[in-house]
Amino acid sequence: MGTPKSVPSFDPALEGRLLAVQRKIASRVMLEDRFSLASVAGVDQSFVDDVVISAAVVLDPECSVLAEASSRQRTSFPYCPGYLFFREGPAAIKAVRALPFRPGLLFIDGCGINHPRRAGLASYIGVILDLPTIGVSKSVLCGSFDLPQAVGEAAPLRHEDSLVGYILKSQKGCRPIVVAPGHRISADSALEVVRCFLKDHKLPEPCRLAHEHARRLRVDLLRAGEAAL
DNA sequence: GCGACAG
DNA sequence: ATCTTGTCGC
């Protein structure tokens, strides 16, 4: 038996506005390569009820940490597949803006153009900040593909007759990850770049370190909470 | 009508 | 995402 997953359901008027926003974002997405690998930031979120904690960790090409920043704020928007930006986006953007400089590329935990309306979290953040972004996720929201077998192998992810990303077998014993362009980068380049930042883990270093940092901040917040009691 | 469904 | 024990493998 399994627990039913949340179902997307909004007030018609609200949904209309959300879809309009996504249409606008999708129309502004650029897939031409216009990024730099001098500084690559991973961005990820953790939660404590409706408090969103976002962490950004910037690495150089050798994966040395160049900078870190974070943000924390409440959200009233529920998790709903296809509308992730409205829940996690604001906090993520705030964390990136808190960095001491603008990274040459962002690795975002979530979809890019591999989204029903080509407006995943990564595309959204890329367009809003006018920064190159790649969406890295652990499961597929939409699209069809063949499972890659050997470690290092990638298979194209297609949705509505177009290539929207790749399914990459990043590590043995792990389910493959999903790599897709968010903004200002092509699908092929996104795959190539992610491979460059892949070490001995399932996720590329920027994502792994950002995830680690976000979780550490979550523990800190929980401990601060019980200390206040 | 019945599933599927980023984090 | 988060909640959680033990367990399989390098």
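Order of the sequence lines sets the chain letters (A, B, ...), proteins ahead of strands, with each chain counted from 1. Worth saying up front: this structure is predicted, and the values here are computed from it rather than measured.
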Does [N] have OP1 or OP2 under 4.0 Å away from a side-chain N or O of [X]?
X	N	value
Ser139(A)	dG7(B)	yes
Arg118(A)	dA6(B)	no
His211(A)	dA1(C)	yes
Lys172(A)	dC10(C)	no
Arg218(A)	dT2(C)	yes
Lys138(A)	dA6(B)	no

>> Are more than 12 heavy atoms, taken from residues, nucleotides or ligands other than Arg175(A), located less than 6.0 Å from that residue's CZ atom?
In response: no
Starting from [atom2] on [N], measure out to [atom1] on [X] and report it in whole angstrom.
X	N	atom1	atom2	answer
Ile108(A)	dA6(B)	CD1	C1'	13 Å
Ile125(A)	dG7(B)	CD1	P	13 Å
Phe10(A)	dC5(B)	CZ	P	18 Å
Asp44(A)	dA6(B)	CG	C1'	12 Å
Gln45(A)	dT2(C)	CD	C1'	15 Å
Ile53(A)	dT2(C)	CD1	P	8 Å
Asp200(A)	dC10(C)	CG	P	15 Å
Tyr124(A)	dG7(B)	OH	P	19 Å

> Are the ring of Tyr79(A) and the six-membered base ring of dA1(C) within the stacking cut-offs of under 5.5 Å and under 30°?
Replying inline: no
> Do Phe35(A) and Arg184(A) have side chains that get closer than 4.5 Å, going by heavy atoms?
Replying inline: no
> Can you tell if the side chain of Glu88(A) reaches within under 4.5 Å of the side chain of Leu121(A), non-hydrogen atoms only?
Replying inline: yes
>> Just to be sure I understand the rule, does Val140(A) reach a base, reach only the sugar-phosphate, or reach nothing, if contact means heavy atoms closer than 4.0 Å?
In response: sugar-phosphate
>> Regarding Gly135(A), tell me which of base, sugar-phosphate or nothing describes its non-hydrogen contacts under 4.0 Å with the strands shown.
In response: nothing
From the options [options], select the nucleotide whose nearest atom is closest to the side chain of [X].
X	options	result
Arg215(A)	dG7(B), dT2(C), dA6(B)	dT2(C)
Ser46(A)	dT2(C), dG7(B), dA6(B)	dT2(C)
Pro81(A)	dG7(B), dC5(B), dT2(C)	dC5(B)

> Between His115(A) (side chain) and Arg117(A) (backbone), is there a donor-acceptor pair under 3.5 Å?
Replying inline: yes
>> Could you go through Asp109(A) and Lys138(A), starting from their C-alpha distance and side-chain angles, then the distance that decides it, and tell me whether this counts as salt bridge (charged side-chain N to carboxylate O under 4.0 Å, His left out)?
In response: CA-CA 9 Å; Asp109(A) 244 63; Lys138(A) 305 167 218 58; 3.1 Å; yes
